[in-house]
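Read the structure below first, then the notes.
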Amino acid sequence: LGMFSELKFPVPWGHVAAKAWGPSEGHPVLCLHGWLDNANTFDKLIPLLPRGCYYVAMDFSGHGLSSHRPAGCPYHFLDYVTDVRRVAAALQWRRFTLMGHSMGNFSFSCCFISPQFCFLYPEMVDKLILLESLGFLLAPEDTEAWLKSKRRVIDRLLSLEAKQQTPKARSPEAALQRLLEANSHLTAEGGAILLQRGATETPTG
């Protein structure tokens with residue numbers, strides 16, 4: 001398991017990088033690094049683990065060889081959970097083992113991202129391995145509402161990204177009509193004023 005391969009998964013702002021060990025047909029294990037860390041944190045550990053598994057250690061956005069998010073965009077914990085969901089989808093993994101390591105800082109990968117992912121997508125995780133972690137704590141009365149709202153946010157975002165298409169070109173009249181249908185409080189004059197700045201003219205419309 002000393003040899004590894006480099007992987008790249010496209011995301012809207014660039015790519016998420018990862019490195020993989022073992023046979024690709026082996027049992028999938030996704031490895032998550034900790035705060036200000038990267039996938040290399042698993043370099044010494046992976047060769048000691050059972051053979052026959054396919055270990056993929058990802059670099060979270062802004063870490064290692066992964067693309068940084070655009071300037072001005074925050075790095076929220078839920079965004080990292082979404083990164084995990086993106087990588088699992090790119091690998092076409094329906095069920096896998098999740099291993100998180102936080103390098104002694106329990107406020108990042110182990111305590112938040114790995115357990116949060118398991119909490120949100122329990123059907124996708126067969127085992128959770130936490131190295132140097134205190135776990136993820138949530139008040140029982142908040143559990144159901146948190147689960148529904150956070151999973152809805154992630155699933156909707158990935159659905160929109162998957163459906164992303166080149167913007168349609170319309171005639172000025174059709175564009176105005178669409179704007180008025182979506183904003184019933186607008187007058188035709190008001191809509192035309194907004195379209196001057198809210199639409200881009202191209203050769204096709």
Side-chain angles (χ1 to χ4, degrees), residues 1 3-46 49 53-103 105 107-121 123-131 133 136 150-165:
L1 286 177
M3 299 295 292
F4 64 89
S5 58
E6 291 284 353
L7 305 175
K8 279 188 178 182
F9 307 103
V11 294
W13 58 92
H15 67 269
V16 168
K19 54 195 307 186
W21 295 262
S24 58
E25 68 277 7
H27 180 79
V29 180
L30 188 59
C31 308
L32 308 182
H33 66 75
W35 182 249
L36 299 180
D37 201 350
N38 58 59
N40 276 7
T41 196
F42 294 100
D43 279 7
K44 297 292 186 180
L45 176 62
I46 297 297
L49 298 181
C53 291
Y54 185 48
Y55 300 95
V56 175
M58 57 182 283
D59 291 324
F60 284 114
S61 296
H63 296 69
L65 301 181
S66 288
S67 302
H68 290 254
R69 295 184 186 275
C73 290
Y75 289 81
H76 189 270
F77 286 120
L78 196 61
D79 296 325
Y80 291 118
V81 176
T82 308
D83 282 352
V84 176
R85 186 68 183 82
R86 283 190 177 97
V87 168
L91 290 166
Q92 298 183 322
W93 286 358
R94 293 186 176 181
R95 193 161 175 82
F96 54 94
T97 296
L98 195 57
M99 180 164 61
H101 180 230
S102 65
M103 294 294 288
N105 186 331
S107 66
F108 191 66
S109 174
C110 280
C111 189
F112 281 93
I113 299 171
S114 303
Q116 274 193 24
F117 185 88
C118 291
F119 189 52
L120 285 166
Y121 299 98
E123 73 279 9
M124 296 186 69
V125 180
D126 60 8
K127 295 184 183 70
L128 173 63
I129 303 168
L130 299 179
L131 310 176
S133 169
F136 172 56
K150 298 300 185 287
R151 182 159 175 159
R152 184 165 49 266
V153 167
I154 293 175
D155 290 349
R156 179 160 175 76
L157 175 62
L158 297 188
S159 175
L160 288 171
E161 288 177 4
K163 295 176 182 176
Q164 199 168 28
Q165 300 172 346

For P23 against C53, the heavy-atom pair lying closest together: CD-O, 3.5 Å

F42/F4 under side-chain contact (heavy atoms from CB on, under 4.5 Å): CA gap, chis, key distance, verdict: CA-CA 11 Å; F42 294 100; F4 64 89; over 6 Å; no

Distance in Å, Q116 CD paired with T82 OG1, rounded so as to fall on 0.5 Å steps: 9.5 Å

Pairwise distance CG(L32) to CG(D83) - rounded to 0.5 angstrom: 10.0 Å

Aromatic plane relationship, F77 with Y80 - under 30° parallel, 30 to 60° tilted, over 60° perpendicular: tilted

Whether H33 side chain and A57 backbone form a donor-acceptor pair below 3.5 Å: no

Closest contact, heavy atoms only, M3 versus W21: O-CD1, 3.3 Å

L120 side chain reached by R85 side chain, heavy atoms, under 4.5 Å: no

For the student: nearest non-hydrogen atoms of S61 and Y75, plus distance: O-CE2, 3.3 Å

H15 side chain vs L65 backbone, donor-acceptor pair below 3.5 Å: yes

Derivation and outcome, side-chain hydrogen bond (donor to acceptor under 3.5 Å, both in side chains), residues D126 and H27: CA-CA 11 Å; D126 60 8; H27 180 79; 3.0 Å; yes

Spacing of C73 atom SG and W13 atom CH2 [to the nearest 0.5 Å]: 9.0 Å

Set of salt bridge (charged side-chain N to carboxylate O under 4.0 Å, His left out) partners for E25, sequence neighbours left out: none

Interatomic spacing from CZ in F117 to CG in L78 - rounded to 0.5 Å: 11.5 Å

Heavy-atom side-chain contact between L45 and L131 under 4.5 Å: yes

Q92, CD: over 12 other non-hydrogen atoms inside 6.0 angstrom: no

Pair F9-R86, side-chain contact (heavy atoms from CB on, under 4.5 Å): steps then yes or no: CA-CA 8 Å; F9 307 103; R86 283 190 177 97; over 6 Å; no

Any side-chain heavy-atom pair of Y121 and V84 under 4.5 Å: no

Where R95 and P28 come nearest, the two heavy atoms and their spacing: O-CG, 3.5 Å

CE on M58 to NZ on K19, rounded to 0.5 Å: 14.5 Å

Minimum heavy-atom distance A88-M124, with the two atoms named: CB-CE, 4.0 Å

Under 3.5 Å donor-acceptor, D59 side chain and N38 backbone: no

Heavy-atom check, side chain of V56 versus side chain of W93, under 4.5 Å: yes

Residue pair G100 / S114: nearest heavy atoms and the distance that separates them: CA-OG, 3.5 Å

Gap separating the CZ atom of F119 from the NZ atom of K150, nearest 0.5 angstrom: 10.5 Å

